[in-house]
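Comments concern the structure below.
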Amino acid sequence: MESFEKLLKKSTQVHGHICAGQVIGVRMCLLALSLINIDDPKGADRKKLYVIVEIDRCATDAIQSVTGCSLGKRSMKWLDYGVMAATFVNLETSKAVRITALEESREASKKYCAEIVDKYQRQLEAYKIMKEDELFRIQNVKAIIPEENMPGRPLKRVQCESCNDWVQDRRDLLVDGKILCKQCVEGRYYTEIL
Ligand SMILES: [Zn+2]
Ligand SMILES: [Zn+2]
């Protein structure tokens, strides 16, 4: 693995700014990857790693930057739970850890870098040096990853009988004998302007 400083620099470039989330995200990855025995996430181990993130905030960009996992490669899955946690899976061994950033670390950061007045700046610097158990909760888990969420070619591709959109990866629904896309069943996130 590259050094913490190098990885932080890269993730800051990808993300667009340095922030506490970048520090947390990079440290979370280093911890998780060592626990599931991934040494070279973007090279020799790139097909072995799968990450499930539970929030779409700053640290998620750091996780993508360090692991090389992404939505487009389907090696990263985003679950919209609003929780600062991620599960890292070694697909070869099935070893997986869920790491949660502790809310208590905000308070604990006050013990460090007392000379820095600005709260966010102090947190950022403190998170670089705080102990892992002050920052994170670690759970050994068995991750449940549906076959249709794995990288590789789509397992299924069907056309919605209502709107004609093509639906991949078993996201279609069968309602009263009709194959439908989710938006035709559950409602749309947009309204069309005619
Ligand atoms: Zn940020
Ligand atoms: Zn449809």
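Read the numbers this way: they start at 1 and go in the same order the structure lists the ligands and their atoms.
- Although no hydrogens or angles enter the test, the distance criterion places a donor-acceptor pair under 3.5 Å between the side chain of S75 and the main chain of S70.
- Counting only distance, with no hydrogens or angles, the side chain of K95 and the backbone of F88 share no donor-acceptor pair below 3.5 Å.
- Contact check for Q159 versus I179: no side-chain heavy atoms found under the 4.5 Å cut-off.
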Report the C-alpha separation of V117 and R122 in whole Å, then their side-chain angles, then the decisive distance to 0.1 Å, and conclude whether the side chain to side chain contact (heavy atoms under 4.5 Å, CB included) test is met. CA-CA 7 Å; V117 182; R122 192 184 58 226; over 6 Å; no
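- Inter-residue side-chain proximity for S65 and Q22 is flagged as unmet; no heavy-atom pair is nearer than 4.5 Å.
- Side chain of R170 to backbone of N149: no donor-acceptor contact under 3.5 angstrom is found.
- Considering all non-hydrogen atoms of both residues, Y50 and K77 come closest at OH-CB, 3.7 Å.
- Looking only at side-chain heavy atoms (C-beta outward), S109 and E134 stay at 4.5 Å or farther from each other.
- Here the protein contributes H15 NE2, H17 NE2, C19 SG, C58 SG as N, O or S atoms under 2.8 Å from the Zn ion (ligand 1).
- R27 and Y127 make their closest contact through NH1-O, 2.8 Å (heavy atoms, listed as atom of the first residue, atom of the second, distance).
- Of all protein N/O/S atoms, those lying under 2.8 Å from the Zn ion (ligand 2) come to 4.
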